[in-house]
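See structure below.
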4 protein chains.
Amino acid sequence: MAVTSRERVRAAAVKLFAAKGFHGTGIRDLAQEAELSSASLYHYMGTKEDLLVEIMTTALRRLVDAARQAVDEATGPADRVRALVALHVLAHALRPAETRVVDNEVDALSDEPRDRVVRLRDDYEKLWSDAIEEGVAAGVFHTTHPAVTRLALLEMCNGVARWYSPRGPLPLDQLAGHYTELALRALGCACPAGVSGSRREREIVAKVWGVPV
Amino acid sequence: MAVTSRERVRAAAVKLFAAKGFHGTGIRDLAQEAELSSASLYHYMGTKEDLLVEIMTTALRRLVDAARQAVDEATGPADRVRALVALHVLAHALRPAETRVVDNEVDALSDEPRDRVVRLRDDYEKLWSDAIEEGVAAGVFHTTHPAVTRLALLEMCNGVARWYSPRGPLPLDQLAGHYTELALRALGCACPAGVSGSRREREIVAKVWGVPV
Amino acid sequence: MAVTSRERVRAAAVKLFAAKGFHGTGIRDLAQEAELSSASLYHYMGTKEDLLVEIMTTALRRLVDAARQAVDEATGPADRVRALVALHVLAHALRPAETRVVDNEVDALSDEPRDRVVRLRDDYEKLWSDAIEEGVAAGVFHTTHPAVTRLALLEMCNGVARWYSPRGPLPLDQLAGHYTELALRALGCACPAGVSGSRREREIVAKVWGVPV
Amino acid sequence: MAVTSRERVRAAAVKLFAAKGFHGTGIRDLAQEAELSSASLYHYMGTKEDLLVEIMTTALRRLVDAARQAVDEATGPADRVRALVALHVLAHALRPAETRVVDNEVDALSDEPRDRVVRLRDDYEKLWSDAIEEGVAAGVFHTTHPAVTRLALLEMCNGVARWYSPRGPLPLDQLAGHYTELALRALGCACPAGVSGSRREREIVAKVWGVPV
DNA sequence: TATGAATGAGGGTTCATTCAT
DNA sequence: CATGAATGAACCCTCATTCAT
């Protein structure tokens, strides 16, 4: 059950990149947080940027995997958006550090890895636009600028990683439910009453992120 | 109507802090962008952090001023929220650099200036919470967690600064109108149809930011 | 008549690269020798390698310039070789540091600058092979492998930079004369008696290197 | 006839020290070349410098041993110099890596081992000066500065290690013969015609270096 | 025999900042 | 007003080396 040095390095990077930004985090900060010498860090990583890339791609791949699964299981566009929102919010609430890094540090990447990361993010957002457009086509959603709405909803949900605290008054499932309601309302959906909870998405998050949620 | 060096320095900082972050921007980058030597910069600024503080407080003060004015002129909670959203979106669309700095670089500040900035931001958000709570009390809005809703809407609108382009297909007033609609819907307001446009907010933005909008 | 910092940096590099090799010389060594902080070095140089490249190309260009001039003025192959040898020996005796860097540190260069340096060296050696081949064709020299002989003679003369001391017993002109004799003998030239001294080459060296020789 | 790890380490060091210099070669480079981990290297060597010392002293001892043998067998000063030159050239042509390390990396040694190495080199050069001075005394050689001539000839022959390739057009014995001729001519010896080939020296080299030459 | 883990020291380079001119 | 010169501290990263396994 030992925590390996490798894991400590990664955890330190996630924590500090989220808290102080990539450029605001020094190698010595990472070393101190990981309880290693700065030279030892380099047994477990390539460059500092490699570490960032690994964190971002892993996080994004998990998000994509989870979202694909949730979308596949959902029935109809409303439920699909509900699932996407719930998943996104839960992921941001439970993994705020990783998700903040993903949301804030894209500009810190150099060209090649940024392209790769952006491509992954595009894959993810495609799931959202498909669901939204499908709902619009089906007459379930009513929004004049679906692409803008998608961006607005995504940003709205991203914010959760910035302020949510598990020690706060709002239980996770209510948080997810609230955001789901906000999103579906914003989409002009008459359906909020009929949509289910977010139990299934919690399972997916727990499984994909491999933690006891 | 010459542009002073002081203005060029400030503009350079706004642009680069927005694009690469405070820690990602070097004094030499600023100097190059401002077409000055790095030593000359120090005739127009204190430390690099002073520059950041000045940018953030100015931007926030303008936002607060504009918002107060808009709120004062508005009639009823729905119109108040509409005005706040429109103003916020317009400001983020027209001043994406300043607003991105405000939204992303708070963590780069040291304790004392951060407190001041956070206090300003709290002043601003207070206008939002007041409007929302008033609407809830009046039975115009229906949301179970007004505070969460406020955060969600603010983040949603912040996103505009990340992607809006004046060269895109969406005119500014439609952008503002769309976000207004999303927000009021999310608030469970039956009123969207009855709310006016965003002409008045454009005037305020133009005046407060002192630019031909 | 002040010595500028820039000159001190260059002089330090020439001295230390010659004494300890490029890889054996640290930036901090250079700084100490130049009586500057290591950060200040970077006002006067690009990278450490840039400094090496500049030293090598300057030295080689001077050698080529001087040699071309000497060759042009010389009369006949024997005198041409005599002039080349005398010039080479004088340059290596008077500028041992620069010439040792040129002779020993080519491998320390990365691909692109190495190619440039090698091309310059080839230009220089071409003057030698032309003179030798001309002499062979004219029946003045007798050597079965002119190319090998050229390499042998060049290496022979390079050695001067490794051991010659102005405080030693051998005056410069005798040094040059001796090497001239060795070279012409090795070339199977019956002429040594008839060739002049090295006064003209000393003038050229003095002029090209810009020093009171 | 397996190649031991110890031998692989030594061979790697010889190759890399010759190609990139002592300071230009890292422990990790050696490990990679020897196909071992960098920690494992230390089973077969002391410090990196110990490795260099061992390589240099071995090479120099072999050179001294071979030269002594060649000198003992030679008859008269001309044949003695011929043998020394042939041996030196053959050794440098066949063992370019070792000889380049000996010729170029003396400055990389710290004081104590450098003294030892220099002493060995002096032993070797003594054989040359003895032969030359003997020849001068006997009236066989004619050179006004025998010590300078010795240095010139040694450097001339060292150069072979820098450029000779067994895949080139010049057979080894002709190479040796050519350098022999150059040397004896430079020494003002009327004898070149009468001197024998370099077969015996090839045998010595083969035996002392323990390889199929 | 062999290596993964670990590190203090140092590598080259850039940082934000000051100051004399 | 403007800057070249200058620097201590820090940057990311690699160095040669040790040691428990």
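This one's a predicted model, so the numbers in the text were calculated from it and none came from an experiment. First the proteins, then the strands, lettered A, B, ... as listed; each starts at 1. The analysis underlying the following values was restricted to heavy atoms, covering all of them including side chains, and did not include hydrogens, waters or symmetry mates.
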Ranking F:dC15, E:dG4, F:dA5 by distance to the side chain of A:A39, first place goes to F:dC15
Euclidean distance, atom CD of residue B:Q32 to atom P of F:dT3 [Å, nearest integer]:
14 Å
Could you say whether A:L36 or C:G46 is positioned toward the 5' end of DNA chain E, judged by the nucleotide with the nearest heavy atom to each?
A:L36
Between D:H23 and D:A108, the two heavy atoms sitting closest are NE2-CB, 3.9 Å
Nucleotide nearest D:H43 (side chain, heavy atoms from C-beta), chosen from F:dC11, E:dT13, E:dT1:
E:dT1
Rounded to whole angstroms, how far apart are NZ on B:K48 and P on E:dA16?
4 Å
Base F:dA16 paired with D:R28 side chain (donor-acceptor, <3.5 Å)
yes
Is any side-chain nitrogen or oxygen of C:S40 closer than 4.0 Å to OP1 or OP2 of F:dT7?
yes
Over all strands shown, is B:T4 touching base, sugar-phosphate only, or nothing at heavy-atom distances under 4.0 angstrom?
nothing
Rounded to the nearest Å, what distance is computed from the OH atom of residue C:Y42 to the P atom of nucleotide F:dC11?
17 Å
Quick test of your reading of the model: are A:D111 and A:R114 salt-bridged, counting only N-O distances below 4.0 Å?
yes
Measure CG/B:L30 against C1'/F:dA2 and give the value in whole Å, please.
17 Å
Taking the side chain of D:S37 as its heavy atoms from C-beta onward, which of F:dT14, E:dT3, E:dT13 lies nearest to it?
E:dT3
On DNA chain F, nearest-nucleotide positions of C:R8 versus D:E49: which is more 5'?
C:R8
In whole Å, what is the span from the NZ atom of A:K20 to the P atom of F:dA10?
13 Å
Hey, which sits more toward the 5' end of DNA chain F by its nearest nucleotide, B:E35 or D:H23?
B:E35
Using purine N1 to pyrimidine N3 plus N6-O4 or O6-N4 for Watson-Crick, or N1-O2 and O6-N3 for G-U wobble, both under 3.5 Å, which nucleotide pairs with F:dA20?
E:dT3
What nucleic acid atoms does B:S5 come within less than 4.0 Å of, heavy atoms only: base, sugar-phosphate, or nothing?
sugar-phosphate
Grab the CG-C1' distance between B:L41 and E:dC19 for me, whole Å please.
15 Å
Would you say the side-chain atoms of A:D122 pair up with the backbone N or O of A:R119, donor to acceptor, closer than 3.5 Å?
no
Closest listed nucleotide, where the reference is the side chain of A:T47 and the choices are E:dT17, F:dA16, F:dC13:
F:dC13
Check the surroundings of atom CD in D:E7: do more than 12 heavy atoms from other residues, nucleotides or ligands lie under 6.0 Å from it?
yes
Write down the distance between CG (B:L51) and P (E:dT17), rounded to a whole number of angstrom.
10 Å
Would you indicate whether A:K20, at its atom NZ, is surrounded by more than 12 heavy atoms from other residues, nucleotides or ligands within a distance under 6.0 Å?
yes
Below 4.0 angstrom, N of the basic side chain to O of the carboxylate: do D:D103 and D:R100 qualify?
no
Of the nucleotides F:dT3, F:dT17, F:dC13, which one has an atom closest to the side chain of D:I27?
F:dT17
Can you tell me how far P of F:dT14 sits from CE of A:M45, to the nearest Å?
9 Å
